[in-house]
Amino acid sequence: MSQKLQAPRGTRDFYPDEMRLRRWLFDHFEEVARRYGFEQIDAPIVEHEELFTRKAGEEIVEQLYHFELHDRRLALRPEMTPSLARMVLARSGSLRMPLRWFSLPQCWRYERMTRGRKREHYQWNMDIWGEPDVTAEAELIAAACDLLDRVAIPRGDVKIRINNRKLLEQTLAQSVLRERPERFAPLCVVIDKIDKIGPDAVLELLTDPGGEVALPPEDGRFVVDWLGLRDLGDALSSGPAHSSGGAELSRLFELLDAYGIADRVVFDASVVRGLAYYTGVVFEAFDTAGELRAICGGGRYDNLLETLGGRHTPAVGFGLGDVVIGELLADRNLLPDCTRELDALVFPFGETERRAAVGVATALRKQGLAVDLVLNEARLKRVLSDADHNGARRVYLLGPDELARGEVLVRDLQSGEQHTEPLAEPDGEPPHN
RNA sequence: GUGGGCGUAGCUCAGUUGGUUAGAGCGCCAGAUUGUGGUUCUGGAAGUCGGGGGUUCAAAUCCCCUCGCCCACCCCA
């Protein structure tokens, strides 16, 4: 096939087989969102590029799909949060807080591909606006856990690492960053890489005199040592005396215990996330086997609306992409067998019976059934074979004999049993989904 | 970006000392008489052997270039 006829690298076509799996996953996203009282929103996939450029060395900004059209600089959204913030800002006077909004945006990022990383993915976003308390974080983390349960990932195969940028910021504010608090965001962007490049490389970046952070070596060492903490108690005792960030974490873990998910979360001082706008609690889900990149990530971004010119509005959210969780499910053989489902197939033997067949199909469709009507003149053998192939439960057969008697012959494909029904009111069963 | 592997029918793949019309399984299509599927049997269609160039009497097979896919590393959400 000509290369120009292939989908661009890193993008996917969804044939019915794949689409059914996607539908299955999205149904779970939507159902969890519904159970937590979230309402769905959407926004344009194309935004003004400026909405996404934040100059903190974020990779997400460097990997924008962008283009210029009629003197406008536009970009495909690499994530949903800026669009969401834009929407909140536009109606900030009339929105009744707190808000619980979710979305299923397709997001784009131009980067080199590896396993679990494409240039396009669908990301389930769950956000709460207007709630400064960590009760919001707890609610979101619980929702993420519910999703993992719904797709049957064994408890323990995925855990959620939690940290609080505020705790780190408050710790560093008294020492390393006392003279340069503005370097905190770029510092977090660098720290985010620690899992991928290791502590030594992070130290190098932090202390690079030409870098955005440019810490003295001993200060860099202090930061990297801090990141090694995995026990909240240790972090609290070695942090500042009355850190609100530490107190938030203690409270959050308590709340998560109330949700019954204390065993699925861990404190990890090295988690900061790679986006500049996070201000407080940050978290990410990862597979405990360590085979994949983060499955889900999120956190609190209380200042984002202000940076767009709005009023200070607390907000917290997470994103969970379809690609990584799809890999995880495929690896564990947890993807369901989604077969096509069709309630009925209606078959007129010839054009003489078509009018009656249309009537049967219409009546069944009015009952809410999924009905395929054979559109051409076909042989019965072929029609039954098609019906079988397409997962139809019943076939409504209309030949000259049936028409003469004012009946339709109904064949159940599972049992092979047949019975007749009066043509006037064919008796479909309720839809099965 | 570097290294390695792969690219033959819709899919999974056979096919080397270069040698007639390039194969299998699955799938697809059509039959096995009159209006009955999932099984079986028979037959059929379908491939610029990823693309381009070169060597040769002759290339799926050898060489070069190129594109694409996979893995690892590098890099990075």
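Throughout, a chain's letter reflects where its sequence line sits, starting with A, and its residues are numbered from 1.
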Does a side-chain N-to-carboxylate-O contact under 4.0 Å join [X] and [Y]?
X	Y	value
Asp42(A)	Arg77(A)	yes
Lys166(A)	Glu248(A)	yes
Glu50(A)	Arg73(A)	no

Give [X] one of three labels, base, sugar-phosphate or nothing, depending on what nucleic acid heavy atoms sit under 4.0 Å from its own.
X	result
Glu402(A)	base
Leu409(A)	base
Ala294(A)	base
Arg411(A)	base

Expressed in whole Å, how much space separates the [atom1] atoms belonging to [N] and [M]?
N	M	atom1	answer
rU61(B)	rG54(B)	C1'	15 Å
rG23(B)	rC28(B)	P	23 Å
rU66(B)	rA72(B)	C1'	23 Å
rC67(B)	rU21(B)	C1'	31 Å
rC69(B)	rC75(B)	P	23 Å
rA45(B)	rU2(B)	C1'	45 Å
rA30(B)	rA59(B)	C1'	37 Å
rC6(B)	rU12(B)	C1'	14 Å

Exercise for the section: Can you figure out which of rG35(B), rU34(B), rG37(B) approaches the side chain of Leu384(A) most closely? Expected result: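 Nearest nucleotide to the side chain: rG37(B).
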Rounded distance (Å) that lies between atom [atom2] of [N] and atom [atom1] of [X]:
X	N	atom1	atom2	result
Arg9(A)	rC70(B)	CZ	P	8 Å
Arg109(A)	rC75(B)	CZ	C1'	14 Å
Glu417(A)	rG37(B)	CD	P	17 Å
Arg405(A)	rG35(B)	CZ	P	15 Å
Gln63(A)	rC76(B)	CD	P	10 Å
Leu64(A)	rC76(B)	CG	P	18 Å
Gln414(A)	rG37(B)	CD	P	16 Å
Leu413(A)	rG38(B)	CG	C1'	9 Å

Contact summary for Ser270(A) and Ile194(A), nearest pair of heavy atoms |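 It is CB-CG2, 3.8 Å.
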With [X], which residues qualify under side-chain hydrogen bond (donor to acceptor under 3.5 Å, both in side chains), at least two apart?
X	result
Glu182(A)	none
Glu79(A)	Arg54(A), Tyr277(A)
Ser83(A)	Glu47(A)

Would one find a side-chain N or O of Arg379(A) under 4.0 angstrom from OP1 or OP2 of rA30(B)?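 No.
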**Q.** Phosphate OP1/OP2 of rU36(B): any Lys381(A) side-chain N/O under 4.0 Å
**A.**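 Answer no for this pair, as no side-chain N or O of Lys381(A) is under 4.0 Å from OP1 or OP2.
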Exercise. Do we get Arg161(A) above Phe286(A)'s six-membered ring, with its NZ or CZ under 6.0 Å from the centre and within 45° of the axis?
Worked result: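 Flagged: Arg161(A) positioned over aromatic ring of Phe286(A).
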| said: Less than 6.0 angstrom separating the ring centers of Phe26(A) and Tyr122(A), yes or no? | reply: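 Yes; Tyr122(A) has its ring centre under 6.0 Å from that of Phe26(A).
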_Aromatic ring proximity, centroids under 6.0 angstrom, Phe318(A) and Trp124(A)_ =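 Distance test on ring centres: under 6.0 Å, yes.
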Atom pairs under 3.5 Å, N or O on each side, protein against nucleotides 25-29 of chain B: can you list them with distances?
from	atom 1	to	atom 2	distance (Å)
rC29(B)	OP1	Arg382(A)	NH1	3.1
rC29(B)	OP1	Arg382(A)	NH2	2.6

Salt bridge (Lys or Arg N to Asp or Glu O under 4.0 Å) partners for Arg264(A), two or more places apart:
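Only Asp149(A) meet the salt bridge (Lys or Arg N to Asp or Glu O under 4.0 Å) criterion with Arg264(A).
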Base-pair string, RNA chain B, Watson-Crick plus G-U, cut-off 3.5 Å on both distances, | for inter-strand, is (((((((..((((.....[...)))).(((((.......))))).....(((((..]....))))))))))))....
